[in-house]
Protein chains: 2
Amino acid sequence: MTAHRDQLDALGVAADHRQANGAGRTVPDATVARLALYLRALTSLADAGTATVSSESLASAAGVNSAKLRKDLSYLGSYGVRGVGYDVELLTEQIRSTLGLNQNRAVALIGLGHLGQALAGYAGFASRGFRIAALVDNDAALVGTFVRGLAVQHSDELENLVRAEDISIAVIAVPASVAQEVCDRLVAAGVTSILNFAPAVLNVPPHVDVRKVDLAAELQILSFHDNRKAVQADIEADAALAHSNGAGLSARAGQAGTA
Amino acid sequence: MTAHRDQLDALGVAADHRQANGAGRTVPDATVARLALYLRALTSLADAGTATVSSESLASAAGVNSAKLRKDLSYLGSYGVRGVGYDVELLTEQIRSTLGLNQNRAVALIGLGHLGQALAGYAGFASRGFRIAALVDNDAALVGTFVRGLAVQHSDELENLVRAEDISIAVIAVPASVAQEVCDRLVAAGVTSILNFAPAVLNVPPHVDVRKVDLAAELQILSFHDNRKAVQADIEADAALAHSNGAGLSARAGQAGTA
DNA sequence: ACGCTCTTGTGAAGGCATTCACAAAATCGA
DNA sequence: TCGATTTTGTGAATGCCTTCACAAGAGCGT
């Protein structure tokens, strides 16, 4: 439970990423994942005209607790003022800089089915320092059409585009059956970071990062918790029943062990 | 780096979910998140006609190491055979049961923009025990159209649909500006698990679970690591330079500290 | 029946991340 | 100037997850 405090993706595979920042420190992975949240909250605050924010209110806007927020920010350096809070603009800039968002990175998007189209149109990308520089699909009906002002190119052009636009980040939104092949070509062309929406495990060389978004997995995780609630409710109902009954195991309470 | 071993979403907010399974144990959240991966790998194996699999090969198919896989499976009980491996079908059934996927849960999908349409058509949902039972949008142009054989309903019907279909899981794919309102209505109608694609923090009562998929955040995390690689490369280049030079700080190496 | 080989299941150790709790710093009012 | 108040930054403690490493169990050939 614990409501919105509850996000935990934790596919939990250890990682050894660490970045030295200006102060020579290191930023934990869990912190990096949250910096993006803080950035979004800060952007809202800035839009609302707020100049200064305390760890308490920024934390609640981002849905985390304030101790964690302060610890996270401390990895970037000391950009708050005791007794006052954080300067919204300064902190925004620090986070953007830490995340490397000040370079307007070029991104390639491979696959323009519904998901690809949704991603191409996602305002959050453009507004946060990412420029979609290449749209690629192998469907002849799509090639040459324009999506958000950019022409879709045939997948034969993939390598040329990656090199011409100096693209290091790619988003894969193709069917699972061709994901590995697309991935291999991207890597060969020089891409070093991949966001994968295809339900497939990608094998890449050690210098390449892959992040995966698995839509079905997300639902399954929810399902587990939802199921747990149902079972729990049953157990409680049984306990109440047992009180007047003596028996205490309903048919449904055993469902978690069904084969 | 560490290639495909590298998935770690870890927005890392503590959670206190625990489920008692048949054996009365408890399943860690990190394990639950990976069960979905194992399930996918097992499905491929079954399709390929494999009857038995070792922890080593299942682990590599899922992109994790075998010790972790075995530990994860041990939370479900003892379904392997020493010296032999795991029976693919039995293990699949155990995982499905643990995740509560044997009940063909009804899911509501709110918002049928490109992302919503992509989700509606996502084969992974149907094939893994989820039945999309309601499509809702407030755009008059969409209401009444059919998406994958199901009619889109007007958002006024949201509460009725949730109750009629006994829906406990909903997917929010609407703009951030209306996400909280949609969320409130879903919760009031009885939904207890929400998968949120809108870039907004949702406030919900304690008995409701929210999982969030933040597309921009994913790219930003990649950006961080990509940036780190660039900085690292610069540092190494500097070191090499310093060797013959004595100076050793290129203009670009300082970028992480830019304001 | 027995020893060899293979692979699981799991205590124990180690590593990260979160949370706690408080000293240090900054502002404000008197 | 000084004390009260606020809020940051951070050591220390706690807890969760991963990894290690090996004993226990299962099959197989002889």
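Labels below follow one simple rule: chain letters A, B, ... track the order of the sequence lines, proteins then strands, and each chain is numbered from 1.
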Practice task
Give a yes or no on whether the backbone of B:Gly100 and the side-chain of B:Arg105 come within a donor-acceptor separation of less than 3.5 Å.
Solution key: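 Answer holds: yes.
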
Practice task
Could you tell me whether the side chain of A:Asp29 and the main chain of A:Ala33 form a donor-acceptor pair under 3.5 Å?
Solution key: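 Such a contact is absent between A:Asp29 side chain and A:Ala33 backbone.
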
Distance, rounded to the nearest Å, where [X] contributes [atom1] and [N] contributes [atom2]:
X	N	atom1	atom2	result
B:Tyr79	C:dG9	OH	P	11 Å
B:Asp72	D:dC17	CG	C1'	10 Å
B:Leu76	C:dT10	CG	C1'	15 Å
A:Leu73	D:dT7	CG	C1'	13 Å
B:Leu91	C:dT8	CG	P	11 Å
A:Arg70	D:dG9	CZ	P	9 Å
A:Leu90	D:dT8	CG	C1'	14 Å
A:Asp29	D:dC17	CG	P	16 Å

Handout entry: Pair listing, salt bridge (Lys or Arg N to Asp or Glu O under 4.0 Å) test, anchored in residues 79-92 of chain A, at least two apart
Key =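 Matches after skipping sequence neighbours: none remain.
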
Practice task
Sequence neighbours left out, what passes side chain to side chain contact (heavy atoms under 4.5 Å, CB included) with A:Thr52? Give chain and number order.
Solution key: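 Scan of A:Thr52 (side chain to side chain contact (heavy atoms under 4.5 Å, CB included), adjacent residues dropped) gives A:Val84.
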
By side chain to side chain donor-acceptor pair (under 3.5 Å) - contacts of [X] (at least two apart):
X	result
A:Glu56	A:Ser66
A:Thr92	none
B:Ser168	A:Asp226
B:Asp184	B:Gln180

All N/O contacts under 3.5 Å from nucleotides 28-30 of chain D to the protein, with atom names and distances to one decimal?
none

Strictly below 4.0 Å: does [X] bring a side-chain N or O up to OP1 or OP2 of [N]?
X	N	answer
A:Asn65	C:dT19	yes
B:Lys68	D:dT19	yes
B:Arg34	D:dT18	yes
B:Tyr86	C:dG9	yes

Practice task
Just compare C:dG9, D:dA12, D:dG9 and give me whichever is closest to any side-chain atom of A:Lys71.
Solution key: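 The answer is D:dA12, which lies nearest to the side chain.
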
Within the sub-3.5 Å range, which N or O atoms of nucleotides 25-30 of chain C have a protein N or O partner, and how far apart are they?
residue : atom : partner : partner atom : Å
C:dA26  : O4'  : A:Arg82 : O            : 3.2

Exercise for the section: Give every residue pair that meets the side chain to side chain donor-acceptor pair (under 3.5 Å) criterion with at least one member in residues 39-49 of chain B, sequence neighbours excluded. Expected result: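 Pairs touching residues 39-49 of chain B that pass the test: A:Asp214-B:Arg40.
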
Handout entry: side chain to side chain contact (heavy atoms under 4.5 Å, CB included) partner of B:Val32, chosen from B:Asp72, B:Leu99, B:Thr98
Key =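 That would be B:Leu99; it is the only one of B:Asp72, B:Leu99, B:Thr98 passing the side chain to side chain contact (heavy atoms under 4.5 Å, CB included) with B:Val32.
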
Handout entry: Residues within residues 46-59 of chain A bordering DNA chain D, heavy-atom distance below 4.0 Å
Key =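 Output list: A:Ser54, A:Ser55.
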
Exercise for the section: Would you mind reporting whether A:Tyr38 and A:Leu73 have side-chain heavy atoms less than 4.5 Å apart? Expected result: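 Yes, their side chains come closer than 4.5 Å.
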
Exercise for the section: Report the residues that fulfil ring pair (Phe, Tyr, Trp, His ring centres under 6.0 Å) with B:Phe125, sequence neighbours left out, ordered by chain and then residue number. Expected result: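 Only B:Tyr122 meet the ring pair (Phe, Tyr, Trp, His ring centres under 6.0 Å) criterion with B:Phe125.
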
